[in-house]
> 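Provided herewith is a single structure, encoded as structure tokens, for subsequent inquiry.
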Amino acid sequence: MPLELYLDLFSQPCRSVYIFAKKNNIPFDFKQTSLMLGDQHGEEFGKINMMRKVPAMRDGEFCLSESIAMMMYMVEKFKTPDHWYPADLQKRARVNEYLAWQHGEIRMHGSKMFWVNVMVPKIMGKEVPQDKRDDAVEDLNRSLKMIEEKFLQDKPFIAGDQISLADLVAIVEIVQPLAAGVDVFEGRPKLSAWKDRVRQKIGPELFDEAHKGVMGAMEVVKALDSSKLQGFKPRIQKMFF
Amino acid sequence: MGLPEGQTLQLDTMTVELFLDLHSQPCRAVYLFAKKANIPFEYKKVDLASGEQYGEEFGQISMVRKVPVLRDGDFILTESIAILMYLAEKFSTPDHWYPAESQKRARVNEYLSWQHKAIRESGSKIFWFRAMVPLLTGAPVDQERMDSAVEDLTSSLTIFEEKFLQKTSFIIGQDISLADLVAIVELMQPVGTGLDVFEGRPLLGEWRDRVKKELGESLFDEAHHVIMHAHTLPQELEDKGMLEFLKPRLKKLFN
């Protein structure tokens with residue numbers, strides 16, 4: 001029985017898991033779990049992941065959440081090429097370092113822009129207050145700067161000469177604000193060149209396919225019935241108001 | 001000893017340097033692991049209360065200006081999770097800390113990943129709100145924000161008990177692992193401000209006792225000494241004349 005991957009490609013960590021599995025020809029059943037439609041609240045899904053988040057994985061009896069844990073599991077189980085998660089102690093440490101750092105930085109700040117530009121206006125019928133909006137942009141810029149100056153520096157990829165889980169996890173997060181209309185690559189030639197390299201290594205077709213949904217997300221959300229999205233209100237209230 | 005000019009004698013390739021301030025949860029996790037697993041290290045204290053992390057010297061070590069940091073020869077590593085995994089591998093620590101078996105390891109990885117934005121975030125927030133913000137702003141944090149932070153911590157604790165602990169002795173089963181270490185230091189942070197997260201949670205309390213026993217009470221208490229005396233921190237900051245310097249920087253952390 002192949003792996004089951006519960007995914008919604010609007011979600012960044014779902015995209016990294018999807019790209020990783022496809023790129024490495026890992027056999028899996030794609031279980032569409034639409035966040036906008038509330039699939040994560042279903043009873044069946046609750047059995048896979050009680051935290052009701054995506055991505056989630058089921059391998060026989062074994063259920064796992066957290067994209068990073070899932071990818072590390074797949075690396076081991078399917079013996080993927082070394083460069084994804086190098087056996088070399090220091091190279092691996094560089095990957096682990098990025099994967100740990102990104103949670104509270106680019107992941108958080110990149111996600112926020114999607115809320116600020118797309119979700120909040122739609123659901124609340126008003127814009128995020130200017131000071132909160134400015135803070136969000138500043139935080140995002142700081143994260144992007146750190147990626148360029150600490151994690152990339154003059155290397156082609158985060159861990160060195162070859163692409164790894166770190167680049168995969170980074171790229172999907174950086175695309176999120178892009179999908180919200182923020183051109184993160186403008187004025188950042190180093191980041192832009194890195195993105196092109198990553199896209200090439202993954203394969204432009206696979207990369208574009210994985211990102212097709214989120215790049216069209218703005219339009220999709222605009223067309224949705226906002227009364228159906230009221231479930232997001234408490235979270236928005238907490239984040240911005 | 002007749003070494004060629006310019007060459008230094010590296011006496012010990014196995015000792016690493018650990019840059020730590022035990023007020024910081026991730027520093028405690030690294031410290032506890034290194035001590036418990038008998039990893040040879042040089043303790044390099046970084047005094048966060050005097051703003052040492054903003055100094056030029058520390059900036060040379062890590063541009064991120066956070067602790068913990070590991071230095072192994074020329075190799076510098078930040079992020080406690082990465083450091084813990086590096087140490088486990090380099091020093092071939094007992095398997096239970098970071099099991100080789102893939103599903104057990106996945107459970108550790110799952111916890112280590114989840115905790116960043118859950119217990120770590122809400123536990124830290126409560127620490128700052130209770131211990132630091134009143135000093136920095138001259139007023140307590142408004143009740144709504146405090147309640148919200150406590151609510152977040154509470155729901156994280158519920159998930160922790162129901163998903164990660166369940167009925168097992170430790171997070172991944174019968175043996176302590178890096179997951180328990182990372183968890184316990186985060187839970188102790190709000191405790192340092194007088195908020196007993198274990199009160200009314202017997203399951204959690206029992207797990208804490210098991211972890212303490214496994215690590216050794218005296219090591220555990222030693223690592224937590226400064227945080228348990230966190231009430232002296234505001235005075236310390238004032239004495240060191242650090243308030244004005246730290247205010248804008250710290251506000252950014254928890255806006």
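Here is how names work: the chains are called A, B, and so on, in the same order as the sequence lines, proteins then strands, and each is numbered from 1.
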> Between B:Glu110 (side chain) and A:Ser65 (backbone), is there a donor-acceptor pair under 3.5 Å?
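Yes, the answer is positive, given that a donor and an acceptor are paired below the 3.5 Å cut-off.
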> If you measure from CE on A:Met72 to CZ on B:Arg105, what distance do you get to the nearest 0.5 Å?
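Taking CE in A:Met72 and CZ in B:Arg105, the distance rounds to 9.0 Å.
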> Can you tell me how far CD of A:Gln90 sits from CD of B:Glu89, rounded to the nearest 0.5 angstrom?
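Spacing of CD (B:Glu89) from CD (A:Gln90) equals 12.0 Å.
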> Please state whether the side chain, the backbone, both or neither of B:Leu77 comes within less than 4.5 Å of a heavy atom of chain A.
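When you check distances to chain A, atoms from both the backbone and side chain of B:Leu77 fall under 4.5 Å.
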> Show the nearest heavy-atom pair for residues B:Ala82 and A:Ala93, with the distance to one decimal.
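It is CB-O, 4.0 Å.
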> Begin with the C-alpha distance, continue with both residues' side-chain angles, and end with the deciding distance and a verdict on side-chain contact (heavy atoms from CB on, under 4.5 Å) for A:Met51 and B:Lys163.
CA-CA 9 Å; A:Met51 290 184 287; B:Lys163 177 189 162 62; 3.4 Å; yes
> If you count the non-hydrogen atoms of other residues, nucleotides and ligands that lie under 6.0 Å from CD in B:Gln166, is the total more than 12?
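Yes, because the 6.0 Å sphere around CD of B:Gln166 holds more than 12 heavy atoms from other groups.
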> Can you tell me if A:Asp161 has over 12 outside heavy atoms packed within less than 6.0 Å of its CG?
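Counting neighbours around CG of A:Asp161, 12 or fewer heavy atoms of other residues, nucleotides or ligands fall under 6.0 Å, so no.
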> Using heavy-atom distances under 4.5 Å, tell me whether A:Glu105 contacts chain B through its side chain, its backbone, both, or neither.
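Answer is side chain: those atoms of A:Glu105 sit under 4.5 Å from chain B.
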> How close do B:His116 and A:Ala100 get, counting heavy atoms only, and between which atoms?
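What the structure gives for the nearest pair is CE1-O, 3.5 Å.
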> Using 0.5 Å steps for rounding, measure from the CH2 atom of B:Trp114 to the CD1 atom of A:Ile68.
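The distance works out to 15.0 Å.
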> Given that the side chain runs from C-beta out, which part of B:Glu162 has a heavy atom under 4.5 Å from chain A: side chain, backbone, both or neither?
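Backbone plus side chain of B:Glu162, per the 4.5 Å heavy-atom cut-off to chain A.
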> Could you measure the distance from the OH atom of B:Tyr86 to the CG atom of A:Leu89? Nearest 0.5 Å is fine.
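It comes to 4.5 Å.
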> Considering residues, nucleotides and ligands other than B:Lys90, do more than 12 of their heavy atoms fall under 6.0 Å from its NZ?
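Atom NZ in B:Lys90 is packed in, count exceeds 12.
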> Show your reasoning for whether salt bridge (charged side-chain N to carboxylate O under 4.0 Å, His left out) applies to A:Lys238 and B:Glu151.
CA-CA 12 Å; A:Lys238 221 173 194 163; B:Glu151 198 187 300; 3.6 Å; yes
> Is A:Met70 in contact with chain B via its backbone, its side chain, both, or neither, using a 4.5 Å heavy-atom distance?
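No part of it gets close to chain B.
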> Flag yes if more than 12 heavy atoms outside A:Lys150 fall under 6.0 Å of its NZ atom; otherwise flag no.
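Yes, NZ of A:Lys150 has more than 12 neighbouring heavy atoms, counting only those of other groups under 6.0 Å.
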> For chain A, which of B:Arg120, B:Glu144, B:Met85 has the most heavy-atom pairs under 4.5 Å?
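Of the candidates given, the most pairs with chain A belong to B:Met85.
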> Please state whether the side chain, the backbone, both or neither of B:Lys117 comes within less than 4.5 Å of a heavy atom of chain A.
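Only the side chain of B:Lys117 comes within 4.5 Å of chain A.
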> Apply side-chain contact (heavy atoms from CB on, under 4.5 Å) to B:Arg107 and A:Leu64, showing your working.
CA-CA 8 Å; B:Arg107 286 274 167 255; A:Leu64 190 62; 3.6 Å; yes
> Mark yes when over 12 heavy atoms from residues, nucleotides or ligands other than B:Glu57 sit less than 6.0 Å from its CD; otherwise mark no.
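No.
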> Calculate, to the nearest 0.5 Å, the distance between atoms CD and CZ belonging to B:Gln103 and A:Phe62 respectively.
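The distance works out to 4.5 Å.
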> Enter the distance from B:Leu112:CG to A:Leu99:CG here, rounded to the nearest 0.5 Å.
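One gets 12.0 Å once the value is rounded to the nearest 0.5 Å.
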> Could you tell me which portion of B:Val64 (side chain, backbone, both or neither) has an atom closer than 4.5 angstrom to a non-hydrogen atom of chain A?
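Contact with chain A is through both the backbone and side chain of B:Val64.
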> Begin from the C-alpha positions of A:Glu97 and B:Thr78 and carry the test side chain to side chain donor-acceptor pair (under 3.5 Å) through to its verdict.
CA-CA 6 Å; A:Glu97 187 185 39; B:Thr78 64; 2.6 Å; yes
> Looking at chain B, which one of A:Ser67, A:Cys63, A:Gly104 has the largest number of heavy-atom pairs inside 4.5 Å, strictly under?
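The answer is A:Cys63.
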